[in-house]
A.B. asks: 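Have a look at this one.
Predicted, not measured: the structure shown is a model, and the values here were computed from it.
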Amino acid sequence: MSDAPAIELKGISKAFGPVQANKDISIRVMPGTIHGIIGENGAGKSTLMSILYGFYKADSGQVFINGKETTIPDSQAAIAAGIGMVFQHFKLVENFTVLENVVLGAEEGGRLMPSLSKARKLLTELADEYELNVDPDKKIEDIGVGMQQRVEILKALYRKAEILILDEPTGVLTPSEADHLFRILKGLKDEGKTIILITHKLREIMDVTDTVSVMRRGEMTATVKTKETSPEHLAELMVGRKVLLRVDKKPATPYAKVLEVKNLRVKDDAGVERLKGVSLDVHGGEIVGIAGVAGNGQSELLEVLGGYRKAKGNVMINGEPIDLTGRKSDGQSRRAKGIAHVPEDRHREGLILDFQAWENIAFGYHNDPAYQKNRWLMDNRAIRQDTADKMKRFDVRPPNPHLTAKNFSGGNQQKIVLAREIERNPELLLVGQPTRGVDIGAIEFIHQQLVALRDRGKAILLVSVELDEIMSLADRIIVMFDGQIMGERIAGQTDERELGLLMAGVTDTGRSPLAQGSTGAMRVGNPGRGA
Amino acid sequence: EPALIFDLGGKFDKSFNEAAFNGAQRWAEETGGTFREIELTSEAQREQALRRFAEAGANPVVMTGFAFGSVLDEVAPDYPDTKFAIIDMVVDQPNVRSVVFNEHEGSFLVGMMAGLKTESGTVGFIGGMDIPLIRKFACGYAQGVVAANPDATVIANMTGTTPAAWNDPVKGGELTKAQISQGADIVYAAAGGTGVGVLQAAADEGIFSIGVDSNQNYLHPGSVLTSMLKRVDVAVYEAMSQGTDLETGFNVMGLANYGVGVALDENNEAIVSYDMLAQVYAAADKIVSGEMMVHDYMSDDSCPALEF
Amino acid sequence: MDVMPKWADALLIPLISILIAFAISAGVIVAIGEDPVAALNTMVTGALGSSYGWGYTLYYTTNFIFTGLAVAVAFHARMFNIGGEGQAMLGGVGVALVCLFIPFPHWILALPVALIGGALFGAAWAAIPAYLQAKRGSHIVITTIMFNFIAGSLLVFLLVEVLKPAGAMDPATAKFPEGTHLPTFQDMFSFGEKPAFRGAPANVTFFIALLSCFAVWLLIWRTRLGYAIRAYGHSEPAALYAGISPTRIIMIAMLISGGLSGMMAINAVMGEAERLVLNSVEGAGFIGIAVALMGRSHPLGVLLAALLFGFLYQGGAELSLWTNVPRELIVVIQALVILFTGALDNMVRIPLEKLFLMFRRKSPEPATTVVKPAE
Amino acid sequence: MDFLTFLQISDTAVRFAIPLLFACLAGLFSERAGIFDIGLEGKMLAAAFFSAAIAALTGNVWIGLLAGIGASMALSIIHGLASITFRGNQLISGVAINFLAAGLTVLIAQDWFRQGGRTPSLSDFGPNARFNSITLPYADQMQDAGPLGLVYAELISGHSILVYVGFLMVPLTWYILFRTRFGLRLRAVGENPAAVDTAGVSVVGLRYAAVAICGILCGMAGAYLATGLQAGFVKDMSSGRGFIALAALIFAKWRPWYALWACLLFGFLQAMALRPDAVERLVQIDIPGQLLDALPYILTVVILAGFVGKAIPPRAGGEPYVKER
Ligand SMILES: Nc1ncnc2c1ncn2[C@@H]1O[C@H](COP(=O)(O)OP(=O)(O)OP(=O)(O)O)[C@@H](O)[C@H]1O
Ligand SMILES: Nc1ncnc2c1ncn2[C@@H]1O[C@H](COP(=O)(O)OP(=O)(O)OP(=O)(O)O)[C@@H](O)[C@H]1O
Ligand SMILES: [Mg+2]
Ligand SMILES: [Mg+2]
């Protein structure tokens with residue numbers, strides 16, 4: 001092993017049209033180490049790694065591999081240089097087998113059969129060596145995400161990668177799967193391989209990395225030794241100022257029951273049950289937070305309550321049952337009942353990115369009589385006026401109703417959605433990931449607005465994968481795992497450790513809905529397939 | 001300056017439209033005159049072409065094909081000073097000359113030749129678009145076949161029911177092969193451009209074919225038994241010669257006035273026997289003299305010799 | 001962030017694309033040994049040089065407005081309706097049935113009923129592909145292509161076996177009765193001695209087409225339904241979230257689209273031929289694609305593009321009448337327009353965007369762009 | 001329907017199926033690589049014209065075939081530019097290509113031959129100007145050697161070389177797609193181009209290769225029409241065959257062997273439409289020819305609707321591969 005860095009990037013810049021994703025970035029990673037990269041959403045982490053892997057071309061900058069300057073025009077060159085990458089969004093061919101996916105691009109010779117049988121042998125060897133068990137003949141679409149990730153890692157190893165990049169590998173994993181992954185990574189490191197790990201989770205950084213780099217707004221703000229830093233310090237580096245983690249709020253004063261959910265069951269398009277009999281209720285004047293690893297049924301719960309997924313079971317709003325399957329099971333009917341919804345993904349659902357702000361303010365409420373000029377025509381002027389008012393109240397910048405939604409920054413886009421939903425003064429507000437990809441200043445504002453709505457006596461059901469957010473915002477916390485409710489806690493009376501166990505499907509017998517009639521031992525459930 | 005409008009099959013269909021073109025060409029060569037012409041490529045152009053020629057002072061305006069009928073009926077009164085000639089259709093307007101042919105008579109004669117020539121006892125007919133006019137060809141042909149050879153069978157197929165049937169040699173070829181496999185050793189094509197495919201297939205498969213409208217004997221010498229001449233060229237030539245004094249009204253061209261007939265030339269003299277010719281001429285004489293009647297399908301929409 | 005100002009996107013790009021298409025067309029004319037300037041001259045005088053020429057140009061324009069609007073409405077719901085041809089054929093059947101079997105005393109009565117007949121039949125023909133798309137996920141493009149062919153066969157069957165008057169040779173219906181005769185421009189605008197628009201087929205339907213443009217504009221940009229259609233077109237998951245039913249939008253958008261295609265028959269069948277002939281649509285359904293693409297799916301754009309194609313059609317007919325350039329030249333031009341405004345859009349857009357980006361990087365933030373939130 | 005009639009209809013069906021088969025396999029390569037192609041019709045038409053025109057001008061059908069393939073390839077490249085390089089809408093590009101071919105063939109034909117948009121008959125240019133039918137050895141003797149002999153003589157023998165090539169294309173396509181490295185990558189690029197890209201293989205290169213193969217096969221389809229089935233080009237001679245091939249492709253669920261059966265079925269339907277007499281004798285009712293004409297399309301719609309086995313297109317089909325927005 002030489003002492004030249006395994007990877008050295010110098011002055012890397014990359015722009016996507018008008019967006020400067022990477023600005024003059026330099027970084028050194030020593031061989032045989034695990035190097036973490038953290039940064040907010042959109043900070044440019046994936047872009048930087050994709051450049052290293054030859055997926056994108058940098059506008060300028062140099063790459064040195066093991067001290068030698070290397071040009072990486074495409075992924076073929078990166079593979080040749082010994083780099084392997086597991087992308088944030090897997091790059092697998094769904095209806096190919098594991099084996100075919102592994103060989104793809106690394107076949108030997110023009111005929112397929114010989115390279116397949118050769119690969120099969122090698123694959124079993126690799127799988128044994130690294131505890132990466134997969135059935136080579138299963139189709140990708142038939143295996144879970146954890147398994148798919150193994151295939152991605154196997155792909156890299158099959159190509160004899162010495163440098164392995166993993167982009168947010170644990171986002172879709174359960175804690176135990178994540179632990180397994182980190183064991184594997186440590187094993188690889190011990191063999192002298194170099195690993196770059198991108199993650200949002202400071203805990204993981206602290207646990208497994210040797211050094212860590214922080215990115216902000218396309219720039220590399222710092223690189224530090226993990227041992228010499230703390231989570232608080234990293235968080236500060238990430239957002240550029242001191243982080244205030246607690247929300248200022250008075251204790252809740254719950255009123256009558258607003259939402260009552262009984263035995264809700266949902267199947268997805270593939271027929272897999274995603275909600276397996278969920279029951280919960282939310283009172284006016286309280287925020288109920290739902291915690292859980294992404295893909296354990298929280299999204300489906302919001303979708304059912306928001307009216308765009310059909311389900312079985314009973315749901316009542318202020319004592320009135322709502323339609324879960326019939327003609328009145330759509331979003332319009334939900335809104336008529338006083339349910340507002342801030343969806344998890346503002347780009348996919350919450351906004352029409354090509355609509356202007358004022359059209360987005362009417363979105364979902366376009367049938368509101370106040371927005372109509374007469375029976376036939378909409379009153380666009382009224383909508384624009386209303387929009388201007390709402391934008392002012394929610395401090396949307398710039399407060400221009402004619403600006404197209406995609407031209408607002410993430411935080412301001414989210415404020416538009418919140419303004420639209422909260423200003424309706426709904427009986428029940430469903431909120432999914434309200435601060436995903438939003439900077440700290442906006443987070444504070446958004447949290448204040450939610451608390452204010454609560455204090456007006458309205459019910460709020462909050463779903464978030466950020467445990468911190470749940471803990472600071474919710475009055476009551478419900479933990480979901482594999483489509484079921486694992487347990488319920490009062491916010492002030494629990495801690496991250498306890499919630500983390502529940503999120504992993506480990507439940508104590510006393511309070512679990514699952515445990516009734518069971519022997520009372522600790523149970524570990526199986527994770528469902530991730531979204 | 002006269003004008004000539006070709007129907008959808010196009011000027012060079014080797015058949016109907018080409019005959020018209022030849023007539024106009026002959027007129028141009030003999031008189032040194034010039035004429036305007038247009039090949040229609042779409043249905044909607046019909047009326048436009050008529051009007052534009054009339055407007056531009058072309059006179060007479062000659063058009064080939066029954067499909068002009070209803071359009072001309074409408075346009076003609078708008079241009080009372082222009083004379084029109086239409087072939088294959090009767091249009092009752094004071095400034096229109098309607099030329100129709102006794103195709104059944106000519107078809108009868110080629111039918112006789114087929115009946116005399118056939119060895120298998122089965123002969124075929126391939127029509128273009130399935131309209132009464134083409135059935136008239138088929139019916140005359142079948143009568144001729146049976147007259148010469150009472151035991152013979154006639155198989156008749158139409159290419160289609162739309163104008164596309166005039167221009168589908170692929171289908172024509174396949175129909176021919178189908179008829180050959182049913183035993184036919186002579187096929188008569190009355191199908192415009194589709195006939196090219198019929199004659200080609202017949203030549204490829206080594207059987208005889210009969211051409212139509214123009215003299216098509218030269219297309220595959222030794223394979224085309226004869227052609228049923230429909231003297232569209234004469235009709236066009238006459239119309240153009242009469243010029244602005246075009247005699248309007250109804251004009252029938254039959255065997256009697258050399259409007260239809262059979263084609264004999266060096267390309268088919270080897271395959272047509274003297275005896276055959278003698279019988280055909282005799283029949284022609286009888287038809288002209290009125291001694292023999294060939295049934296016209298279009299007179300009562302029925303055919304004594306063939307079922308459709 | 002928008003790289004280009006709106007006007008560049010809406011006007012500059014189509015304009016450059018059309019110029020490229022025309023330049024290549026001129027090249028084609030040269031290649032077949034003709035003079036493009038003379039050709040253009042013939043086309044302009046033939047199509048725009050007389051009231052007669054205008055009468056044809058506007059007749060074609062009317063057809064293309066309907067089919068262009070049809071494609072545009074479907075585009076707004078992000079559906080590519082290639083079935084305009086078949087829907088217009090069926091619209092023709094509807095119009096013909098109405099005109100043949102209801103004895104109308106006057107066209108004022110006949111027109112609205114025939115309009116409904118045409119629109120209903122056209123819409124019905126669009127309904128099946130729409131249903132299959134909405135409920136069974138069958139790709140609308142493929143099903144509408146198939147339905148064009150099925151419509152063709154159906155029309156032949158109807159004309160040959162059912163509607164053809166006995167003894168007639170054309171596969172066409174009988175002439176419509178006098179009471180259904182729509183006033184042509186000649187009827188409407190001939191004052192004094194010399195008739196204007198003599199013999200040209202443009203008729204009162206043109207004004208219905210203009211009204212339709214306005215109606216579609218209102219529908220798309222001023223009504224809740226239009227809002228829902230556009231929202232669905234931009235994002236299906238978002239529409240679902242907002243409680244907009246995809247099935248409903250797909251069905252309604254396609255029914256409107258098919259109805260508009262069907263209404264074309266008023267012009268071509270009732271206004272011009274006054275009987276249903278086999279080929280009354282003549283590819284107008286396909287031209288609608290070009291028209292909608294060029295017009296950026298905006299009714300005003302559709303109107304202008306339809307006018308351009310109306311000119312091309314009439315000009316092309318004149319060209320083939322007086323010169324040796326076959327009418328297929330228009331087909332080539334049409335193909336090039338579709339190619340450059342539709343499929344090769346990015347060929348013009350990418351360099352242009354780079355240009356604007358360069359310009360913007362050099363100059364300080366122009367007033368229209370985003371202000372980054374201050375923190 | 002007696003056996004001989006059946007054989008004869010089948011014989012016609014084979015000839016009708018071959019252009020469909022070439023075009024269908026062409027579409028299969030393209031669509032398996034994620035490039036939808038509704039321009040099969042146009043490519044076939046262009047190839048039909050250029051093969052006939054060049055065969056007429058040179059008197060050599062093989063040169064004609066090359067010219068046809070060249071013309072079809074040229075259109076393929078336009079389609080590639082539009083849908084791969086410039087990431088345009090593949091359907092719109094296909095529509096444009098169909099029009100381009102319909103217009104240009106007539107325009108050029110008129111310019112070159114002045115026969116109203118057709119080429120002169122190839123039989124005027126000597127025996128080598130078109131593909132003649134080949135009588136297989138002993139075909140004549142086998143005629144009377146029982147039903148199998150009859151099948152050999154009537155159905156198997158007596159087609160032009162391109163027919164046999166067409167049938168050979170089916171196993172060849174299967175082999176290339178499922179047994180070679182190229183095939184694996186080609187199928188992958190139609191399912192998930194990002195996977196191919198990150199595996200270090202050029203998406204653009206693969207897709208152009210697929211589009212080029214599509215061009216070659218469409219070229220053979222067109223050449224067969226004009227120089228094998230017929231002896232010359234007439235305007236619009238593909239008459240919707242490209243779309244029937246597309247229908248067959250969907251019907252076959254994008255698989256080569258199924259494609260063969262689908263094309264034979266559709267060819268058979270077309271052949272039956274030519275023989276209303278035989279059909280009527282067979283089913284005892286008078287089926288309108290138009291119904292037979294429309295049947296391939298109707299069947300395809302039924303398949304598309306998923307009532308009889310769902311046809312799932314390649315997942316990345318129709319979408320340009322966009323790495324950077
Ligand atoms: N393919 C692309 N085309 C255009 N812009 C892109 C593309 N990929 C990323 N961007 C933009 O570049 C910026 C950096 O994105 P990148 O994906 O690198 O962020 P990230 O740090 O990985 O964020 P996350 O934590 O959400 O994964 C963002 O503004 C993003 O919108
Ligand atoms: N994918 C993209 N395509 C086009 N423009 C983008 C894209 N992503 C971001 N932008 C532009 O970049 C700007 C910054 O967006 P981004 O979401 O990264 O902001 P931010 O700094 O994270 O702000 P906020 O803190 O409010 O989220 C926005 O104004 C937006 O116009
Ligand atoms: Mg990322
Ligand atoms: Mg942001």
A.B. asks: Counting only non-hydrogen atoms closer than 4.5 Å, does A:Ile79 touch chain D with its backbone (N, CA, C, O), its side chain (CB onward), both, or neither?
C.D. replies: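 When you check distances to chain D, only side chain atoms of A:Ile79 fall under 4.5 Å.
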A.B. asks: Report the option among A:Glu108, A:Glu94, A:His89, A:Met85 that has the most heavy-atom pairs separated by less than 4.5 Å from atoms of chain D.
C.D. replies: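 That would be A:Glu94.
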A.B. asks: Let me know if D:Arg315 has heavy atoms under 4.5 Å from chain A in its side chain, its backbone, both or neither.
C.D. replies: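 Only the side chain of D:Arg315 comes within 4.5 Å of chain A.
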A.B. asks: Please list, chain by chain and in numerical order, all residues satisfying side-chain contact (heavy atoms from CB on, under 4.5 Å) with D:Ile176, sequence neighbours excluded.
C.D. replies: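 Testing D:Ile176 for side-chain contact (heavy atoms from CB on, under 4.5 Å), a comparison that skips the adjacent residues, returns D:Phe29, D:Leu172, D:Thr180, D:Phe182.
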A.B. asks: Please list, chain by chain and in numerical order, all residues satisfying ring-ring contact (aromatic ring centres under 6.0 Å, His included) with D:Tyr258, sequence neighbours excluded.
C.D. replies: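 D:Tyr258: no ring-ring contact (aromatic ring centres under 6.0 Å, His included) contacts found.
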A.B. asks: Identify the two heavy atoms, one from D:Val196 and one from D:Val189, that lie closest to each other, and give their separation to 0.1 Å.
C.D. replies: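 The answer is CG2-N, 3.6 Å.
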A.B. asks: Given the options D:Ala188, D:Pro193, D:Ser202, D:Ala316, which has more heavy-atom pairs under 4.5 Å with chain A than any of the others?
C.D. replies: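 Winner by heavy-atom pair count: D:Ala188.
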A.B. asks: Between the side chains of A:Ser46 and A:Asp167, does any donor sit under 3.5 Å from an acceptor?
C.D. replies: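 Yes, A:Asp167 and A:Ser46 have a side-chain donor paired with an acceptor closer than 3.5 Å.
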A.B. asks: Could you check whether D:Tyr224 and D:Ser51, counting side-chain N and O atoms only, form a donor-acceptor pair closer than 3.5 Å?
C.D. replies: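 No, no side-chain donor-acceptor contact under 3.5 Å.
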A.B. asks: Given a strict heavy-atom distance threshold of 4.5 Å, which part of D:Phe178 is in contact with chain A: side chain, backbone, both, or neither?
C.D. replies: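 Answer is backbone: N, CA, C or O of D:Phe178 sit under 4.5 Å from chain A.
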A.B. asks: With respect to chain A, which residue among D:Asn192, D:Val201, D:Asp197, D:Thr198 yields the maximal number of heavy-atom pairs within a distance under 4.5 Å?
C.D. replies: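 Highest number of heavy-atom pairs under 4.5 Å: D:Thr198.
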